[in-house]
Amino acid sequence: MADLERAERLQIMLSAEELGALENFRFKNRMPSRAAAVRELLRRGLAGEGFLQAESGRKSQDFGVLDQPE
């Protein structure tokens with residue numbers, strides 16, 4: 001794994017609550033960094049089933065990590 005090349009950078013913006021959830025996951029699972037925690041969550045999400053495809057016309061702001069109040 002030390003030879004793994006990561007040539008792409010991904011920048012995301014999180015709310016304070018989303019960052020808190022990420023940090024909680026990271027520390028609970030003893031992840032060495034935020035990046036490692038995000039990669040693990042992406043791996044789990046991509047392996048999961050039952051997620052819906054985004055509808056046409058949806059904006060980035062329509063997607064959050066935590067449930068949004070109605």
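As the structure is a computational prediction, the values presented were derived from the model and not from experiment.
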Measure from the side-chain N and O atoms of Arg26 to the backbone N and O of Pro32, and report whether any donor-acceptor pair falls under 3.5 Å. yes
How long is the span from the CG atom in Leu14 to the CD atom in Glu23, to the nearest 0.5 Å?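 Reported value, rounded in 0.5 Å steps: 10.0 Å.
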When hydrophobic residues are tied together by side-chain contacts of less than 4.5 Å, even through go-betweens, does Ile12 share a cluster with Phe25? yes
Is it true that Leu41 and Leu10 fall in one hydrophobic cluster, defined by side-chain heavy atoms closer than 4.5 Å?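 Per the 4.5 Å side-chain linkage, Leu41 and Leu10 are co-clustered.
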Arg30, CZ atom: more than 12 neighbouring heavy atoms under 6.0 Å: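 No - once you tally the heavy atoms of other residues, nucleotides and ligands closer than 6.0 Å, there are 12 at most.
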Check whether more than 12 heavy atoms from other residues, nucleotides or ligands sit under 6.0 Å from atom CZ of Arg39, and answer yes or no.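 Yes.
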Nearest heavy-atom neighbours spanning Glu40 and Arg43: OE2-NH2, 2.6 Å
